[in-house]
Visitor: 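Pasting a structure below so you can have a look.
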2 protein chains.
Amino acid sequence: MKKKSTARPGEPSLPLLRPLSTVDVAIFTVRADRLHVLLVQRNDEPGEPCPGQWALAGGFVDVDKDENLEACALRKLREKTGVTSPYLEQLGCWGGKSRDPRGWSVTHVYFALIPTDAATKPVSGANTTGAKWEPISKHGVKEALAFDHEQILTAAITRLRNKVEYTSLPAFLLPREFTLSELQHSYEIVLGRKLEKSAFRTRVLSTELVTPVPRFKEGPNRPAQLYRLKSANSPVFFQRTFKPAEG
Amino acid sequence: MKKKSTARPGEPSLPLLRPLSTVDVAIFTVRADRLHVLLVQRNDEPGEPCPGQWALAGGFVDVDKDENLEACALRKLREKTGVTSPYLEQLGCWGGKSRDPRGWSVTHVYFALIPTDAATKPVSGANTTGAKWEPISKHGVKEALAFDHEQILTAAITRLRNKVEYTSLPAFLLPREFTLSELQHSYEIVLGRKLEKSAFRTRVLSTELVTPVPRFKEGPNRPAQLYRLKSANSPVFFQRTFKPAEG
DNA sequence: AAAATAGTGTCTCTTAGACACTATTCC
DNA sequence: GGAATAGTGTCTAAGAGACACTATTTT
């Protein structure tokens, strides 16, 4: 592996051994009124760690292709889903001696929200044999995941649910134009609970979150005003959570 | 996963080149009613990047010594300050081609809050020639910092200030026992603005944040009840920010 | 008593939540 | 008109902010 020895006094000292560096992306979308995450199945070849197990989308940093960590995450997202402009946020990093049998490794984890209409068929890539959208239930996912990805996915879901209480993140799960009812529904799917219509609308409309477009969504009932996000990629923060819990 | 590998088909494929892995820690404390961050001065030896510049405390991950990233951060904190049990939170990671002249590198950044009374003289360590507590003004620090540490420090300060609005973080900047006035003062130092006494006390006492100890702080005036944190290492989250801004 | 800080009470304003009401479309 | 969903108005409760007030110590 890596060397570039240190040891001469007064010379630049670099570590003899470098951890493995990967980037993983927890890619979320909504399908059939459920929150889903993209899983890829690991290669079955002998010598590969966690053969056949499901894992988050990800892989090694490529120091030639990738300008930086975020570009690496975007590349992986693009390779798996074809989506190029998602909501992408860094979740954190997990690194240590024993999370990968191949040695000391660090994964740099992002989470992405992609619109319902973009969540088409995921493609499998190198070192993987398949990919699928897995529904998320109350406490995560049914599959046992490779490496420490279960823990990472739990962290991602927790971050998402927490942030939804005071930000506009669910808007990034919707297509470009949506009604307020659809936005509310998106919140309800992620939060796993109903919200009150009047308060929801007051709150959303009192911010710089959305702006109406001159179109309506037609249906077997009264047409609904369509809106779009005011700024396409940065979320809005509210000053309160949706429902204060007990102190 | 990714290849660029040892190239035998059907064999474990590892990347030929691995990024450099470092851990940096933004260590904050309060001294003389100012928020301070610990800076270390980089070595002046030829070949060292950013010679003589000030930087956040940090250094390479040591795959032999460090069990995981957090242990590495704790080690660096201990080496610089002697503090063993701080408030420690992962801030994020910064990685890319060009942030370090030695090549593609990733730094894994933590921020730590240490109590006023623990913030004694910092020691300098390997590859550094000095260390100091640098006061933080409105927009950061006067020094130009090495690498991308200025950007990282800005992110750390932003995270701290944001989180202070709705968490109990400033409590970790105080000694074990403190009065409510001292706690309020700690908030005011970090936030850079005054808070209203009555609302502050109501808010703090309505949570599980602190518990009184059977002692008072004496002075040339009415003695004040002393409190300590209920749980020593996990912050409390409030349901609202301190001061709602304009929608 | 004066100085100084600790700690409380009261009033107002904002906003979430509950819930009932009205509005507009398709059938 | 009925079904269905869009969208509004009204009332209440909780908590923040402002601010004045009381309390308890030292000097």
Side-chain angles (χ1 to χ4, degrees), chain A residues 33 164-168 170 174 177-188 191-228 236-247, chain B residues 33 164-168 174 177-189 191-228 236-247:
Chain A
D33 287 351
V164 162
E165 296 280 354
Y166 61 96
T167 68
S168 61
L174 296 174
E177 297 185 358
F178 49 83
T179 69
L180 291 188
S181 294
E182 289 167 343
L183 182 57
Q184 181 176 347
H185 193 53
S186 184
Y187 272 86
E188 292 170 341
L191 288 174
R193 67 170 197 266
K194 291 283 183 188
L195 295 177
E196 206 283 321
K197 182 168 56 165
S198 173
F200 179 82
R201 298 170 87 93
T202 306
R203 177 173 177 149
V204 167
L205 293 177
S206 74
T207 65
E208 291 296 297
L209 174 54
V210 296
T211 189
V213 298
R215 270 179 293 286
F216 285 80
K217 171 159 190 171
E218 318 277 338
N221 44 39
R222 174 170 170 181
Q225 178 68 55
L226 283 165
Y227 293 83
R228 63 169 177 78
V236 166
F237 288 75
F238 304 116
Q239 289 295 324
R240 286 197 192 181
T241 61
F242 270 102
K243 183 171 201 149
E246 344 291 275
Chain B
D33 287 352
V164 162
E165 297 279 354
Y166 62 96
T167 68
S168 61
L174 295 175
E177 297 184 359
F178 49 83
T179 69
L180 291 187
S181 294
E182 288 167 344
L183 181 57
Q184 180 176 346
H185 193 53
S186 184
Y187 272 86
E188 291 170 344
I189 288 169
L191 288 173
R193 68 171 196 267
K194 290 283 181 187
L195 296 177
E196 205 282 321
K197 184 167 56 162
S198 173
F200 180 81
R201 299 171 85 97
T202 307
R203 175 171 179 152
V204 167
L205 294 177
S206 74
T207 65
E208 291 296 295
L209 174 53
V210 296
T211 189
V213 297
R215 269 180 294 286
F216 285 80
K217 171 159 191 170
E218 317 278 337
N221 45 38
R222 176 171 171 179
Q225 179 69 56
L226 282 164
Y227 293 83
R228 63 171 177 78
V236 167
F237 288 73
F238 303 115
Q239 289 295 326
R240 285 198 194 179
T241 61
F242 271 100
K243 183 167 201 153
E246 344 291 273

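Lettering of chains follows the sequences in order, A, B, ..., and the numbering in each one begins at 1. Source: prediction; values computed, not measured.
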Visitor: Go along nucleotides 3-10 of chain D 5' to 3' and tag each nucleotide: B for a protein heavy atom under 4.0 Å from its base, S when only backbone or sugar atoms are that close, - otherwise.
Guide: -BBBBBB-

Visitor: In whole angstroms, how far is the C1' atom of C:dA16 from the CD atom of A:E165?
Guide: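 Going from A:E165 (CD) to C:dA16 (C1'), I get 13 Å.
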
Visitor: Under the side-chain contact (heavy atoms from CB on, under 4.5 Å) rule, collect the residues that match up with B:N221, sequence neighbours excluded.
Guide: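 B:N221 satisfies side-chain contact (heavy atoms from CB on, under 4.5 Å) with no other residue.
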
Visitor: Would you kindly compare A:T202 and A:G219 by the position of their nearest DNA chain C nucleotide and give the one closer to the 5′ end?
Guide: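 Whichever sits nearer the 5' end wins; that is A:T202.
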
Visitor: Does the plane of the ring in B:F200 sit parallel, tilted or perpendicular to the ring in B:Y187? Use 30° and 60° as the thresholds.
Guide: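 Perpendicular.
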
Visitor: Please report the distance, rounded to the nearest Å, between NZ in A:K217 and P in C:dC26.
Guide: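 One finds 15 Å between P of C:dC26 and NZ of A:K217, rounded.
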
Visitor: Between A:E208 (side chain) and A:V236 (backbone), is there a donor-acceptor pair under 3.5 Å?
Guide: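 Side chain of A:E208 to backbone of A:V236, a donor-acceptor pair under 3.5 Å: no, none is there.
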
Visitor: When you look at A:E165 and A:L191, which way does the side-chain contact (heavy atoms from CB on, under 4.5 Å) test go after all the steps?
Guide: CA-CA 8 Å; A:E165 296 280 354; A:L191 288 174; 3.4 Å; yes

Visitor: Can you list the residues that meet the salt bridge (charged side-chain N to carboxylate O under 4.0 Å, His left out) rule with A:E177, with sequence neighbours excluded?
Guide: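 For A:E177, the residues satisfying salt bridge (charged side-chain N to carboxylate O under 4.0 Å, His left out) (neighbours in sequence not counted) are A:R215.
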
